[in-house]
Every structure is written in structure tokens, then in C-alpha cells.
J.: 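One structure, pasted below without further comment.
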Amino acid sequence: GIRCVAYNNQSNRLAVSRTDGTVEIYNLSANYFQEKFFPGHESRATEALCWAKGQRLFSAGLNGEIIEYDLQALNIKYAMDAFGGPIWSMAASPSGSQLLVGCEDGSVKLFQITPDKIQFERNFDRQKSRILSLSWRPSGTHIAAGSIDYISVFDVKSGSAIHKMLVDRQYMGVSKRKCIIWGVAFLSDGTVISVDSAGKVQFWDSATGTLVKNHLIANADVQSIAVSDQEDSFVVGTAEGTVFHFQLVSVTSNSSEKQWVRTKPFQHHTHDVRAVAHSPTALISGGTDTHLVIRPLMEKVEVKNYDAALRKITFPHRRLISCSKKKQLLLFQFAHHLELWQLGSTVATGKNGDTLPLSKDADHLLHLKTKGPENIICSCISPCGSWIAYSTASRFFLYRLSYERDNISLQRVSKMPAFLRSALQILFSEDSAKLFVASNQGSLHIIRLLEGSFKHLHTFQPQSGTVESMCLLAVSPDGNWLAASGTSAGVHVYNVKNLKLHCTVPAYNFPVTALAIAPSTNNLVIAHSDQ
Amino acid sequence: MVEQERVRVVRCGGSELNFRRAVFSADSKYIFCVSGDFVKVYSTATEECVHILQGHRNLVTGIQLNPNNHLQLYSCSFDGTIKLWDYVDGILIKTFIVGHKLHALFTVARAEDSVFVTINKEKPDIFQLVSVKLPKSSSQEIESKELSFVLDYINQSPKYIAFGNEGEYVAAVRDFYLSVYFFKKKTTSRFTLSSSRNKKHAKNNFTCVACHPKEDCIATGHKDGKIRLWRNFDDDKKYTYTCLHWHHDMVMDLAFSVTGTSLLSGGRESVLVEWRDAAEKNKEFLPRLGATIEHISVSPAGDLFCTSHSDNKIIVIHRNLEASAVIQGLVKDSNIFTGLMIDPRTKALVLNGKPGHLQFYSLQSDKQLYNLDIVQQEYINDYGLIQIELTKAAFGCYGNWLATVEQRQEKETELELQMKLWMYNKKTQGFVLNTKVNMPHEDHITALCFCNAEKSENPTLVTASKDGHFKVWILTDDSDIYKKAVGWTCDFVVSFEEIVTIWDSETWELKCTFCQRAGKIRHLCFGRLTCSKYLLGATENGILCCWNLLSCALEWSAKLNVRVMEPDLNSENIAAISHSSMGSDLFVFKPSEPRPLYIQKNISREEVQWGVFVPRDVPESFTSEAYQWLNRSQFYFLTKSQSLLTLSTKSPEEKLTPTSKQLLAEESLPTTPFYFILGKHRQQQDEKLNAALENELVQLPLTENIPAISELLHTPAHVLPSASFLCSMFVNSLLLSKESKSAEEIPDDVDMEEEKERDDSDEENDFTEKVQDTDNTDLGEDIIHQLSKSEEKELRKFRKVDYSWITAL
């Protein structure tokens, strides 16, 4: 399920964190392609995600750490403990130079963002219970913090709470035990919008600390809120799977008085909408049902094209399944385990398009669990079916698989070289004699596989100056050519025989989504996200 | 009725009250609704019809209060005129002749001298909204041809058009479009919903529209039950809407409350929904309103709502969603199976009402008396459901018994048939279910008839069925069960397709059989009074036959395609209505002679379905021979389009007016101190009389019964002659004839006090003396004496107070 989404206006990118700690980055201008991803970790449940200082991405989670991601190398730059217990919320200041986290112990901590790290600056007045939501006033002078049963408004300069706005616990006449403020939004005119577990969207005046308007919109929790930059519309997501759009509409055509009106409901989710984001042209929502839905706002779209259509991102953009053609084996990659399946077979023959009856059902051969809390980044099975390789963020594993007459045995190839620590992409050559590994330092390793052992053949070092890592690999069927592509730069083609860079395909505006080399002609086919 | 008028067909009552939205007066005291060619003014408190505004020559299609004078009402009609009424007095003030057929009327406070109407130009389906300038003139009839075009391609019903923000813009919907015209900018914005091409939005059609009174917000109802609230519609691009969805079927009407805080909607669910703050979660319901809500309107004062229903009913609802009054007209069901009947007791017209109900409708007062639930099952309103239908009903024994037949047939073989017998209960003044017979016959019951012979002490019921049997049902002694008996009475005749058989009710023997070679017999009836030896039959292929029962021979036959044949209970006359492609014709004749007494050609374009003779309360005296058949009874008939028509030389509304006028007077009596004294006094008087039992004549003459007083009370003060002139006449009118007892005079005297007090102050001394006189001489009782003395004191007090203003004049 999707836990949080954060939209970066400058680069038009969207960061999405999932409940397993994975963080994905989508490029909205590149046809919503998932450009980058950071593998999850069992102990890192992300609760908050935000962009700061332009392109820097931070996340915070229940392990109490603030993490900054390295978007170039696709790994974690550093993790820093906030010393406030689990972190529930995080917000970057409008200027982008400060970071605010809300902790389990009721403290709100302010961090200064330095060019290569973050530095603790001070604590705000400590509250009684956990801080579940935070929002800066666009002017940067005040913040609103949603807690349980109340919302606090802090003055940033003094760090003291100037208002405490109590939220009604009543829900349709029944008093719930607690009213959790799932989200707050501070507008520049001083209005605070809160969403809570009683299904209410409430408008508060932060100057006086009073309730201005109340919209009861759901029978269940309203869990997320996001306001557009122009502050003329916002979006909330409910636990019923509905996303409501609110707009600031003038009361009459000739008066300047404006009011917030609930306009359109969207029901694209089947489960809780845990996170919403508001881009200038679209509403983005994600939730427990794992879909990321991007709903364009029709009135903001200039031309009606494919971009104006509703998007539902359900399938992963990475390769999670690899197959062994000879042995008819399929390897499935999960967050913490691999599954190996034998495909079913049939004796019948038929025309194209016919459904043939299976004489033998598909068979679950192997369930391989990873060691440690880290998620699997990538995995591969060799075409001959006798090798399995996978990698986590810190370790690389290679297995020798022998499968004969329902007898399966797996043997780990030990003594991996030190440089093979983590891989972004693994690929076997067609004859299963070579293994290509794209590591996250941007280098490409070629390894010759022998019976039970291996031999390091060569390492293609990245071109000088770039640390961009390769995440797509393709090998020609004859094994002579290897194509590799990074996230933005062009496609490099290497000659495997004489171990040299053959050429570089010029970079295109849109990222590469798939690579393949045609078997007979050795033509390289490149798919980009826009076509 | 001495002067000879032409008998003409008159639409009498029973017209649709729910044709257009009802309109409240500014003070919510009255509610106006269109009713055929008239506008009816009802009191919201008492449900009584106060006035009938008549003057239009065709269907009234729209009414609106005059925004500049809330005591005036505009109405428009198909006859091409807009009329301005003073509804308090029921006077027509002005007539504006527009010339076009007007389909709807709208008024806007901002446009002072013009109103908006919907007219039809050229093509039959193209309607235009135009503004009509109403010229200022003192004459009664003014031509106003100055039309200016506003919107094209709209729907004819006023539900599809709404004016918003004090007339700044007008919103019109049709099919999948919402058009908004801004008067200031003179621009039209058009918004389109995805239409039927897409399966998902197949029922996106607009059904109604309403505008927020304060904000720029348009609410539209849709066929799929959704309500959309449109905002920002002055911008073609940035417009936005939100949905409210509760109705499962088409939204029939929408209305905003006066302040705009809540939105009312209604539909086929017959539930009034109040959406507060336009929030989906915050809604209130008023369920079980009985029938589909057709229109909703809100009083300008904001304290009342009203809903018009498909069963010709208007319900007045309080702000807190409590129904406070029901104005029920003649229920128009699409299938009148029972035909028209007359309840012998109340002289009310009885026919199918709501589904499964029998309605008793008073022709005189044009309102429903009561509803008898025959089927006694919850009615579920849904398409495709086969309902239990009330198919036959018959009264017997001077209204003591009522027999009804209901049936439900889902498949060819599964017939559910039930016969119910109802007895009139004098205590409750209504019919009580006495017996229920399941499957009285094997097949559909075709006819149901009570024995009307005076000699029979037991009520006898005969039923005939398609299964080839007829059954006679007799009330057994002292038990509530009818015993089945196979027998016959001579009052009953049964026709089997082409054969007529006559049976003796005493011996239950077949008396004689007539055979008609041509066609199935559709109607049968006996002659009455002097012509009772004749039997009349009408066949399907257009032949009317008359048999002589004594000679058992065909007396005469005529070629006439009879649709309806009804005997008059009070005379020998029989009315027959024939139908041809040209229209329906009425023939009135006596069975003894084949020559018709009266022929009225072309009484109606449509096919007449049922007819009935209604006995008159007061016999009329038409001197002309041709109209003599109307002397004792009136003939009412119902056409296929459910309009109830009658033949009359004058409109029945003329008869209605005196009673309604009186009601108005009663209502408008001010509650003065005198009124209280009078009331108390009268109460005392009544108690006294009852206690002493000295007088059976309890009926005291009421003030309303004395014409002079009522005249005095009801004439506006500025047209009254001087008080001294009236005085003698007034006093004279109060004098009672000599035979009446002394006790009766007292209340009258008090009345007189009242009147005196009001009218003339000069004769003060005289007056008090007189009062004392009457009190002293006429009253022996001490209590009353004392009472009147104390009253006297009170009166004096009032006098001192009251006369100051007269001197000030």
C-alpha cells in the first residue's frame, strides 16, 4: 500500500513511499514513468515524505530516523535519529531551508538543512500526545500541528504554542473515543484546514483559534489533505476510498467574497486513501489498495490529449519476473522472498488464440527467503535455469540451482568479491555463461560463470564525472553486445568480446523504459516513456 | 334558470392541481394552484378553497406573485393572455393579451414592468423564453405584443427554467444541456453532460433546475437520481459542480429554501429530502408522502413548503418537515376499472383512486371526501411490478353495503382474485370490512351487482364471471358469512356473449332468453319507473336493442356504436354515448320510444370511458323540452384523458362560490373582545339550555345565516353607506319571528351589541338601555343576568377607550 506521496513542483516529480519502506520517484512530465526507486527495509516504515531545498528528498518513519536519499546513486545518503521516538509527520519550510518533524512524544523539532546534512536546531513547546500532521504557513511565520483531539498553532520565532483548537469528538451524534487529526493545511490568509478521524473537514481561523466552517464528508476517517500552490483548491482522501475536491469559489459573480465549496467526489480507490497530492493540473491519490491514481483537472488542461486522461498506476515499472526459457521456470521477486515456479505443460495442440488444456499444473518449486531486513532490489534466473542471482541493498547472492526429476537442490556460491555488494540490475547472457551486474556506483561488472564458481572478467567504469547508475541492461542473443541505460543519460553499448565501450546512443528528453537487442539483426530497440 | 341557455359541456372540477408548482402568498396564508382553466386559492391552515379565480378560457399554465405587489397574482394560460388578480378579493384586475400560446410564466423583481413567458414558435417542439413588456394603462384589457427574445431551444415545462440571483441570470436545461443566460453581459454559457452514447451516463438527462437565492449556485436534477450543484458557471472553463446522490430514480423537482441553506428534492420515492448546507451527509427526510412528488415550492416567508403529488394532492409541510395540511383533488389513476358510481349516502362520486384505493369525491365542493383502502397492502412504486388492481365495485342497499373485487395476474394461469364486502358503520361513518372471499370465481369477474328490490330484506349480490357461472351471495342471519347459493333474481340479467338470459330472483329459474345475432353484448340495463318492462342492450358491433320483457320480443333496435350506457335513477331516461372518429356524441332517450329526447353532438374529442347520472340536491326547472332530462339529475362523464366533464347551462363554479365566500367570511372574523364575550355568552347559554332541558330547539340562528349581517360584515368598509342608514335595516334583520322562543333572542342581542358597538356610537344611550331592557325582561336566570351586567361594565370600558379615535377623525 501507498503510505505517502510528495509532489515536487520544480521538477514535476512525485515521490511515493510504500508501507514496506520503498520509495519510488515518478516523473510526471515523462508520462508518469517511475524513474527511480529505493528499496525498502523492514524496520523503516515511512510515515512522512517531503522535498526540501529543491531536489532533496527526505523521509521519516516510525524508527525515529530522518533519512535523506541520494537521487543520483539511488541509495540512502544518511539516516539521522531525531531522538523523539517514532516520527509521525514532517514538513519542509516554504523556503526549503528548514525541516520540521513531529514525534511520538509530542515534540516538534526543527532542523536546519545544510548542504550535505541536516542539523538539529531546536524544540518547540512539547505537546501532550503525538504530532500526526504538520503544516507551515506559506509566509513561514507559523505552523499548525495536528495532534489527537486538538490542533496547535505555533509561532516559529518563539517556538511557543499560541492557539490550541479543540476538535469535536462527536461523530454523527455518537461520541468517539478520540478524534485524530490526520492532516492539517495552513493557508496564507491564516486559515487552517484540518481533516480528522470523525470524517470532518474543518476550517479554522488561526488568528482567533475559532472554527469557521465544518464539512462532514465521510462516515469514516478523512486521512489526507493536499492544497494547491495557488490555494484555490484542495483535495482530501477518505478511508472510504473517496477523494473529494474542494474549490474556492466566489459566492456571486460580482462580489469578491469567496467560499470553499466541496465540488467533485472521485471514487477510484477500493480502500483507504492514505495520501493525496495536488499538482497544478492533477489530483494524485494513493492508498492501501496500492494504486496510484492521477486524476487531471479538466479545467486546467489546455489541450485534450492523452495527458488529460485519468491514470491509474497499478503495475510496477520494474522487472520483477524473470524466466528460464529452457527449463520453463519462472522466478518471482517479492519484497523479502523469491518464488520459483515450474510452468505447466500441455500435450494438446491448437491454433493461435486457442486455450489449451493443461496436462500438468504449474508447480511451486522453491521459496527462497532473504536474510536480514532489507528488501530485494533485483533478481534474475539464468536462461538455462541453473543459476539464480539476487541483490539487496547491501549484499549480492548467487545460487546454483539443480533441478532434476522433482529433486531440487540449491547451493549458494560463496565468497562473492567485495565489489559485488549491491546491484541495481542483474542479467545472464543467453548461454548462461556470463553474468552482467549493474552496481549502484555506476559500474558494470562482467562475471564468467563456471560450474560451482565464477571468475570476474571485467568492470566497465562509468564515464568520468557522472555517477549515474545504470538500471536497464540488455544483451544480444549471440552474447557479443551489451546495452546499458541509466535514468537520464543515453544508452551505452559495450562490446563484450573485446570489453570496450562501442558507442553511446544520444540522450533523449524522456527516460528509457525498456531495452532489447534483436536476435538476428543485432538492432538495438529502445522504448522511451513518451512513445 | 329561467332564461334559455344552451347546454354545453363544462369541465367540472377534478382537474389537475399538480400541473404546475403551487405558489404561496407572501404571508404563507394562502396557497395558489392552477386547476384547469382556473386558479384556486386555498387556505394553508384550513385546506379550504377560498377563491376560484376564473376568467381564462384555456388551461392555466403558470402563476406567479406580482413581485412588486405581493397581494397580486399573475397567471398565464394557453389562451394567450396574462391576467393580474387581486387574490384577496378574487377580482380580476387586468388582462394582458399576448397572443401566443403561453406555456410558462416567470416574474423577476428587478424587471419591474415585464414578465417572462415560454412560447412556442413555428415548430412544435421548439420553445423560446421571451420577456413580455406589460404596458402601464388604466384599461382592463391591454395588448402587450412587445416581446424580446431571451433563450431558445428550451423545454416547455417551467421546471426546466429558473431565475437566479434576483434575476441576474436565467438557467435553462434540456436533455443534456444546461444553458445560463446572463442579463447584464447578455451572454449565454452552455454546459453539456456526456450523453447517452456512453452507457455509464445513459441517464444523465436534466429533469429540473433551481437557483440558489443568494449565491451563484445552480442545482439541477437528473434522470438517474443525481443532483448536481453547479458553481463558477460564469466561466466556461473553470465551472465546477458537485453531486448529491440519494434518489434512486429521477429527481422530479428541486427547490432551495428562502435563505438557501437547504435544498429540497423529491421524486418517485415519494420522500421529500432536505439537504442541509448542500452536504451529502447532512440530510433530513420526510417519507411516506403517498405518491410521486411532482413539484416542490417554498413559501416566501420561509415557514412552509409544499409538495404536489402525482395523485392530485398538495401537501403543505412545515419548516421542521411535518406535514400540516393536505389538499386532495380527484385522484386520476390511469385505469378506472370500477367506472363512475354514486355513493347513495353522500352523493359522492366513487371511483378508483390511488392504487388499491376507492375514492369518494364530492362533486359539489370539488374535493376528495375520503379514501377507502381496499387492497390494504403497502404499495411499492416500481416499474414492472404487477400490482393488485381494484377492478370492480358496487354499492347496495342504500349505501349500506359495498362490494369490491380485486385481482392480480402475473401469468396466464396464476390469477389471484379476491372479493371483499364492506358494511357501512354509522358510528365511524365509514365502511368496515365485513367479509373477504378468496377466489369467488375461477376466472375474471365481469360484473358485480346488488339486488335493489325493496322487498328483499337480505342484501343479495350477484357476480358474473368469465368462467361461465354467475353466483348469488346472500347475507346469512346474524353471521358475517355469505353463503354461496346458486339462484337468481329477476332484477338481474346475464349476457353470455350474444345471448341474454333473464332469471327470476324468487325461484331462480330461467325466465326467458333473448338471442341477438349480432355481436357480443357490451352493456345491459333495465328501464326505470314506467319503462321498467324494457331491457336495453348495446352490442359491440354498434347496435342498440330494446326488448320488451312482458312480450319477450324485440321492441326496437337502432344502429348506434354505444360506448357508455347509463340509466338515470330518478327518471326513465337513459343516456348513451357513442363514439366515432369524429368524437363522442350523447343521446338521451326513453326506452319506451326509439326517438331520442336529446342529442348533443361532439361532447368530447376523446373517447368517453364512463358516465353517471348524479341526482341533484335541488331540482332545476328547465322549461324547454330538450333539457327536461337534466331537471332532476346531472350527467357526468369521464374521458380517456381523465377529465371529468358534465353538461350544464352554467358553470358549476357559480354554485360553488356562495359556500366558499361564506367560509372566507367565517375565517376573517376578527377576534375582538366582543368575539370572546359573545363566545363565552353563547357557551353559557348552551350549557344552561342543556341543563334545564327546557328547550329542544338548540339550533340558534347564527350570525352568518342572517343575510343583512353577513352583508354588513363582508362589504368593505369604504363602500358601506352611512351607519344611520344601515341601522334600521340591521335592527330589523335581527328581529325574530314571534314563534321563536325568548331564549333564542339573547345571542342575537349580543350580536347586535357587537354590531352596534362597531358601527354607530351616537346612539350610545339608547343602546345601553335597550340592552338592559332585553336582559331584564327576557331573562329569568340570575347567572345570565349577572353576566350580562358584568359584560355591560366591560362594554362601557371599551366604549371609553374606543371612541377617542372616532373623535380624532
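Quick note on labels: first sequence line is chain A, next is B, and so on, each numbered from 1. Below, all heavy atoms of this structure are taken into account, side chains as well, without hydrogens, waters or symmetry copies.
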J.: So what's closer than 4.5 Å to chain A heavy atoms on B:K184: side chain, backbone, both or neither?
T.: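 Only the side chain of B:K184 comes within 4.5 Å of chain A.
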J.: Taking all non-hydrogen atoms of both residues into account, name the closest pair between B:C243 and A:P265 and its distance.
T.: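 Residues B:C243 and A:P265, closest heavy atoms: N-CD, 4.5 Å.
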J.: Roughly how far, to the nearest 0.5 Å, is CG of B:D277 from CG of A:L216?
T.: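 It comes to 10.5 Å.
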J.: Does A:H271 have more than 12 heavy atoms from other residues, nucleotides or ligands lying within 6.0 Å of its NE2?
T.: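 Count not over threshold, so no.
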J.: So A:Q247 and B:R231, do their side chains get closer than 4.5 Å, heavy atoms only?
T.: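 B:R231 does not reach A:Q247 side chain to side chain.
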J.: Using a 6.0 Å cut-off, check whether atom CZ of B:F182 has over 12 heavy atoms from anything other than its own residue.
T.: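 Result for CZ/B:F182: enclosed.
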J.: Under the ring-ring contact (aromatic ring centres under 6.0 Å, His included) test, which residues partner B:F127, sequence neighbours left out?
T.: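 For B:F127, the residues satisfying ring-ring contact (aromatic ring centres under 6.0 Å, His included) (neighbours in sequence not counted) are B:H103.
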J.: Heavy-atom cut-off 4.5 Å, strictly under: side chain, backbone, both or neither for A:V251 against chain B?
T.: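 The answer is both parts of A:V251.
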J.: Please state whether the side chain, the backbone, both or neither of B:N232 comes within less than 4.5 Å of a heavy atom of chain A.
T.: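 B:N232 touches chain A through backbone and side-chain heavy atoms alike.
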J.: Return yes when atom CD of A:Q267 has more than 12 non-hydrogen atoms of other residues, nucleotides or ligands closer than 6.0 Å, and no otherwise.
T.: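 For A:Q267, atom CD is crowded (more than 12 foreign heavy atoms under 6.0 Å).
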J.: Of the non-hydrogen atoms in B:T240 and A:K264, which two are nearest, and what is the gap between them?
T.: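 Where B:T240 meets A:K264 most closely, the heavy atoms are OG1-CE, 3.9 Å.
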J.: By a 4.5 Å heavy-atom criterion (distance strictly below it), what part of A:E257 contacts chain B: side chain, backbone, both, or neither?
T.: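 Neither part; nothing is under 4.5 Å.
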